[in-house]
Each structure stands twice: as C-alpha cells, then as structure tokens.
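Worksheet: the structure to be examined is printed underneath.
Positions are given from 1 along the sequence.
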Amino acid sequence: MSAPAPSTLAIVDAEPLPRQEEVLTDAALAFVAELHRQFTPRRNELLARRGERRAEIARTSTLDFLPETAAVRADTSWKVAPAPAALNDRRVEITGPTDRKMTINALNSGAKVWLADFEDASAPTWENVVLGQLNLTDAYERRIDFTDPKSGKSYALKSADELATVVMRPRGWHLEERHLQLDGVSVPGALVDFGLYFFHNAQRLIDLGKGPYFYLPKTESHLEARLWNDVFVFAQDYVGIPQGTVRATVLIETITAAYEMEEILYELRDHAAGLNAGRWDYLFSIVKNFRDGGSKFVLPDRNAVTMTAPFMRAYTELLVRTCHKRGAHAIGGMAAFIPSRRDAEVNKVAFEKVKADKDREANDGFDGSWVAHPDLVPIALASFDAVLGDKPNQKDRLREDVSVAPGDLIAIDTLDASPTYDGLRNAVAVGIRYIEAWLRGLGAVAIFNLMEDAATAEISRSQIWQWINAGVVFENGEHATADLARKVAAEELAAIREEIGGETFTAGKWQQAHDLLLQVSLDQDYADFLTLPAYEQLR
C-alpha cells in the first residue's frame with residue numbers, strides 16, 4: 001500500500017486577491033509546506049529557549065560572551081564567503097515596504113541596496129503579504145509601473161544598471177501567518193515570506209546577475225542563525241541552485257545577539273553577507289530583557305539615546321571589528337528623517353544631523369548605512385564616498401583598536417540623561433499614531449518628520465512600561481503611573497480628533513490604537529512583541 005500524499009497548505013479566511021494565483025501556485029505552496037514540516041518544530045524550540053534565556057537574565061541582571069563558543073571566537077582562520085559582485089558595494093541602503101510605488105521609487109533611488117521589507121515596515125495583511133511578492137517579481141520582469149490616483153504622476157523603472165540590488169527582509173521567527181495553515185497549524189510568517197520569494201525569484205535573480213539576498217530580523221542567538229542556515233541549504237537543494245547562492249545580512253537588533261556576533265557569522269559563514277547595527281529594536285530588546293534589573297537599566301527618552309551613547313558606541317564598534325575580522329560587511333543604522341515640503345529650516349537642521357551621523361559611521365569603519373527617504377541618499381552617499389573613494393567597502397579596516405568588555409554593552413547608566421514628561425507624551429503620541437496606521441495596513445508611517453516602523457511602537461510602549469514599573473519621577477515632579485499614562489493618552493486622542501475632525505477620526509482606528517497601546521504599556525505581564533496582540537486585530 002503506498003504512503004498517503006502529504007497534506008497541502010490551506011488558504012484560510014482570506015479574500016481572493018487579483019493575480020494571487022501567480023504567487024500562490026501549487027508548486028510554491030508545496031515548497032512552503034515542506035519548509036514548515038522540516039523547520040517549524042525547531043523554530044518552536046528556539047522560541048521556547050528565548051523565554052528560558054530571558055528568565056536567566058531576570059535572575060542575574062547580566063550577560064556575557066558565551067563560554068561554550070569561545071573556540072569559535074578564538075579561531076582566527078575562518079572567514080565568511082566573499083561577497084558576490086552585486087553586494088560588494090553597499091555604501092547606501094534604502095528601506096521600505098513592497099507596495100508598488102515604493103518598489104519603483106526605492107529601486108530608482110540611487111541607493112546601492114533596497115531593503116524590501118515584509119517585516120517592521122509592513123503590516124502583515126494578506127494583501128501586503130501576497131501583493132508585495134507580486135510587485136517584486138513584476139519588478140524583476142520589468143513589467144511594473146504605477147500612476148498615483150491623486151496626483152496623476154506616473155512612475156517607471158530606470159535602466160537595469162541604475163537599479164538598487166534587492167535584499168528582502170522576511171518576518172521574524174515569532175510571527176505566524178494565519179492565512180496559510182497545514183493541518184490546522186499556521187505556518188511561521190518567516191517561512192511564508194522567505195519561501196514564496198525564494199521559490200519564485202531565486203533563478204530569476206541569478207539570471208539577472210544577482211541572487212536571493214536576505215536581511216534576517218529579530219535574531220536572538222547563533223542557534224537561530226543556524227536554523228536559517230539549514231533553511232538556506234535545504235532551499236537551494238530543493239530548487240537546484242548552487243550552495244552559497246543565498247546571502248544573508250543579520251540585524252543585530254537584540255541585546256543577546258550582540259554577545260553572539262561572531263557565532264552568528266560562523267553559523268551562516270557560507271551564506272553570510274554582513275551584520276547591521278539597528279537602534280530602536282536594540283533599545284526595545286534592552287528594556288525587554290532587563291525590565292526587572294532596577295534603576296541602572298532605565299532608559300531616558302528615546303531621542304536622547306543617540307549612537308554616541310557609550311553603550312551604543314561599544315555595540316557599533318564591536319560590530320565593525322567583528323565583521324571586518326571575518327570578512328563581512330558592517331552596515332550602519334537608519335537615518336529616519338522625512339524631509340518637509342514646507343519648512344526649509346527643519347530640513348537644514350535635520351540634514352546636518354544626518355550628515356554628522358553618516359560621517360561618524362563612515363569614519364568608524366562601516367561599509368554602508370541606511371536611509372528611509374530618497375532625498376537622504378545623496379547625503380549618505382557623500383559621507384561614504386569621502387571615506388571609501390573608489391573602493392567598494394573598507395573591510396580592510398580591522399579596528400583592532402576596539403576592545404569591548406561584556407559590561408560595556410549594558411552600561412546604560414553611563415548615559416547622562418533621564419526620562420522626561422515630554423518624553424512620555426512623545427511615546428504616547430507616536431505610539432497611538434503608529435498603531436492606528438498599522439491596524440489599517442500601513443507599516444511605514446511618517447510621524448513628526450520621521451519615518452516610523454514597528455520598532456518605533458515597540459520602544460514607545462516599552463519605555464512607558466519601564467518608567468511606570470521603575471517608579472520614575474519626571475523633572476516636573478510628576479510620577480510615572482498608569483493613571484498618568486491614561487491621562488496623557490486621553491489628551492492625545494482628543495487632540496487628534498480636534499486635528500483631523502470627527503468624521504475622519506471615526507473612520508479611522510484611533511480608539512482601537514489608543515486601547516492597544518495602553519494594554520501593552522500597562523499590563524503587568526509584558527507582551528514579548530506588540531505585533532502579537534496587534535496581529536489578532538489586523539483585518
């Protein structure tokens with residue numbers, strides 16, 4: 001008697017989308033189903049391990065480099081695979097979601113790389129998940145164009161040699177895709193995003209002289225990097241392309257990953273392209289892991305924590321040294337400023353800050369950096385051109401002058417700043433505005449001249465939670481309490497209604513966003529990720 005055929009993926013509770021059959025083919029869904037069978041059990045074990053690690057940090061209030069992997073760090077012989085030509089020069093990278101207009105604008109932006117984002121800059125509606133894949137394939141086939149229905153302006157791709165190289169970011173390991181299930185179990189969003197993109201585009205990208213390149217978010221350990229590496233090995237064999245074709249850049253945006261940078265590169269060494277130094281998610285991770293560590297771990301207002309803070313400096317310089325020691329690219333953080341069309345003075349001040357930030361990164365040894373808006377590409381480009389000249393990167397700068405002790409990475413109390421009442425108001429204002437847009441399916445949102453994504457909402461609600469639970473007293477004498485947060489949130493909601501008018505307010509999801517922000521900011525049981533309860537409300 002022959003073995004029963006394996007179960008197939010079911011599309012659950014999802015309205016049909018135009019052209020979805022081009023993405024959700026039987027062959028592509030069979031591949032995603034196989035990824036799910038092979039790797040979801042290990043993913044589940046690693047998520048459980050995160051909880052165990054967090055409990056250990058709660059017990060000890062410290063972190064250290066891992067003794068069990070000391071030999072990997074001490075072995076000077078290993079390097080990551082050489083960068084492919086399309087990823088050798090990464091001096092400016094632009095980030096953004098994969099809607100049709102952004103796809104064209106990002107590819108045309110003049111940046112060397114576009115981080116095509118299915119993660120923090122994209123709310124994972126079924127439409128965004130599926131049509132984002134379609135937009136990327138259409139771009140590779142040069143059958144993408146867009147006419148803005150409001151302005152009538154048309155957008156089309158430039159010539160192939162002027163387009164940015166795409167590095168796609170799937171969702172983190174913690175998120176499910178409820179619309180794709182196998183035997184009633186949701187498939188991890190990471191495997192859906194990776195699987196559909198890889199299956200449809202790996203060979204197509206090779207034919208274009210590039211390859212399937214990825215950014216890996218929210219990684220917390222080298223064991224999670226090992227899982228991704230095994231996914232890559234399996235996937236390349238499955239579609240019949242050479243091992244090492246996939247390249248991955250890992251975001252070091254969790255505090256635990258900062259202690260395992262070399263090990264993460266080692267696990268991915270045949271597929272590693274580099275590491276990236278983020279900011280908001282990194283601060284969110286510090287709050288999350290050390291939330292019961294006492295006053296020395298209390299962060300000031302998010303805008304007071306610049307990359308020049310001693311503990312952030314330790315993190316970024318260690319990242320550059322680690323990457324260059326192993327032959328990998330070191331990519332710097334985000335310039336999130338959105339230029340104002342009305343206020344030249346705001347732009348002037350902001351552009352000077354962006355330039356100073358990018359000058360510092362280039363001079364520290366980074367090989368490239370992120371921007372959120374095409375107008376910032378020339379500024380970042382000038383900073384890196386001044387240091388790199390004609391060289392594609394500066395991996396020859398080994399930064400052997402850098403020495404970082406374990407305690408340096410968590411020396412939060414070296415920062416000479418305190419939480420302020422205005423910081424609380426800003427966290428509430430940005431949190432409500434961002435969550436409201438996210439619940440409407442928008443993941444990248446311009447708020448107060450900054451491009452905000454899910455990491456913004458995470459640090460906002462984490463700071464509210466931390467300040468209340470640490471009993472912070474603000475400079476005006478007000479105590480951080482749940483009642484104060486509720487009062488500020490109510491005032492903010494009333495101000496938004498006044499600003500946009502009752503009809504627009506009612507048509508939006510403002511009350512829902514307000515309630516969700518307070519839920520994740522005030523609950524004693526700190527939610528691991530805001531996007532988990534938010535996803536339950538995303539329709």
Side-chain angles (χ1 to χ4, degrees), residues 120 278-288 291 298-309 312 333-338 340 343 346 349-350 353-354 357 372 412 415-439 442-500 508 510 513-522 530 534:
D120 271 4
R279 182 169 159 200
W280 300 138
D281 262 319
Y282 189 72
L283 296 178
F284 155 53
S285 174
I286 289 172
V287 174
K288 175 161 58 173
R291 62 184 181 264
V298 172
L299 287 168
D301 304 357
R302 70 166 183 144
N303 293 324
V305 188
T306 66
M307 291 309 235
T308 59
M312 297 298 280
M334 169 73 84
F337 178 68
I338 301 298
S340 169
D343 195 330
V346 166
V349 172
K353 287 182 179 177
V354 171
D357 190 49
I412 314 304
L415 189 58
D416 185 23
S418 301
T420 69
Y421 181 73
D422 281 348
L424 175 68
R425 294 203 73 91
N426 182 259
V428 170
V430 172
I432 291 175
R433 282 169 165 79
Y434 180 80
I435 294 170
E436 193 277 336
W438 196 91
L439 292 171
L442 300 173
V445 189
I447 303 172
F448 307 145
N449 286 115
L450 291 176
M451 183 61 78
E452 308 285 18
D453 68 9
T456 302
E458 292 286 23
I459 188 61
S460 294
R461 65 95 179 194
S462 296
Q463 294 209 286
I464 299 166
W465 192 98
Q466 185 185 49
W467 295 344
I468 291 169
N469 283 273
V472 163
V473 180
F474 297 119
E475 80 292 345
N476 66 354
E478 293 250 36
H479 289 249
T481 63
D483 283 345
L484 180 63
R486 290 188 192 99
K487 172 177 170 284
V488 170
E491 291 169 356
E492 186 59 33
L493 204 60
I496 291 168
R497 179 190 284 272
E498 181 73 22
E499 178 189 324
I500 65 177
W510 294 103
H514 162 279
D515 294 351
L516 183 55
L517 177 69
L518 288 181
Q519 175 193 325
V520 294
S521 300
L522 304 184
L530 160 70

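When all heavy atoms are compared, the tightest approach of Tyr434 to Gly443 is OH-O, 2.6 Å. Listed here is the closest heavy atom pair of Pro419 and Val298: CG-CG1, 4.0 Å. For the pair Ala485 and Ile468, the tightest heavy-atom approach, listed with the atom from each and the gap, is CB-CD1, 4.1 Å. The two residues Ala372 and Ala336 have their closest heavy-atom pair at CB-CA, 4.0 Å. Of all heavy-atom pairs between Ser521 and Leu517, the closest is OG-O, 2.7 Å. Between Ala417 and Ala304 the shortest heavy-atom distance is CB-CB, 4.2 Å.
Using a 4.5 Å heavy-atom threshold, the side chains of Leu484 and His479 count as separate. Two residues are said to be in side-chain contact when any heavy atoms from C-beta on lie closer than 4.5 Å; Glu492 and Ile496 meet this criterion. Using a 4.5 Å heavy-atom cutoff, the side chains of Asp120 and Asp281 are in contact. Two residues are said to be in side-chain contact when any heavy atoms from C-beta on lie closer than 4.5 Å; Met334 and Arg279 fail this criterion.
The backbone N or O of Thr420 sits less than 3.5 Å from a side-chain atom of Asp301, completing a donor-acceptor pair. Between the side chain of Arg486 and the backbone N or O of Leu518, no donor-acceptor pair lies under 3.5 Å. Remark: the backbone N or O of Lys288 is paired with a side-chain donor or acceptor of Arg291 at under 3.5 angstrom. With hydrogens and angles disregarded, no donor-acceptor distance shorter than 3.5 Å links the side chain of Gln463 to the backbone of Leu424.
Within the model, atoms CD of Glu436 and CG of Leu493 stand 10.0 Å from one another, a figure rounded to the nearest 0.5 Å. Remark: Glu452 CD to Ile459 CD1 distance equals 11.5 Å, nearest 0.5 Å. Between atom OG1 of residue Thr306 and atom CE of residue Met312 there is a gap of 8.5 Å, rounded to the nearest 0.5 Å. Here the straight-line distance linking atom CD1 of Ile435 with atom CG of Leu530 works out to 5.0 Å at 0.5 Å rounding. Rounded to the nearest 0.5 angstrom, Phe337 CZ and Leu450 CG are separated by 8.0 Å. Atom CH2 of residue Trp438 and atom CG of residue Asp453 lie 12.0 Å apart, to the nearest 0.5 angstrom.
Residue pairs that meet the side chain to side chain donor-acceptor pair (under 3.5 Å) test with at least one member in residues 421-430, sequence neighbours left out, are Tyr421-Arg425, Arg425-Glu491.
Heavy-atom neighbours of Glu499 CD from other residues, nucleotides or ligands within 6.0 Å: above the threshold of 12. For Asp416, the CG atom counts as loosely surrounded, since its 6.0 Å shell holds 12 or fewer non-hydrogen atoms of other residues, nucleotides or ligands.
Annotation: cation-pi geometry not satisfied between Arg497 and Trp510 (NZ/CZ under 6.0 angstrom from ring centroid, within 45° of ring axis).
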*So Arg302 and Thr456, side-chain contact (heavy atoms from CB on, under 4.5 Å) or not? Walk me through it.*
CA-CA 9 Å; Arg302 70 166 183 144; Thr456 302; 3.6 Å; yes
*Hey, mind stepping through Leu299 and Gln466 against side-chain contact (heavy atoms from CB on, under 4.5 Å) and telling me if it holds?*
CA-CA 8 Å; Leu299 287 168; Gln466 185 185 49; 4.0 Å; yes
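In terms of the ring-ring contact (aromatic ring centres under 6.0 Å, His included) criterion, residue partners of Phe474 (sequence neighbours excluded) are, by chain and number, Trp467.
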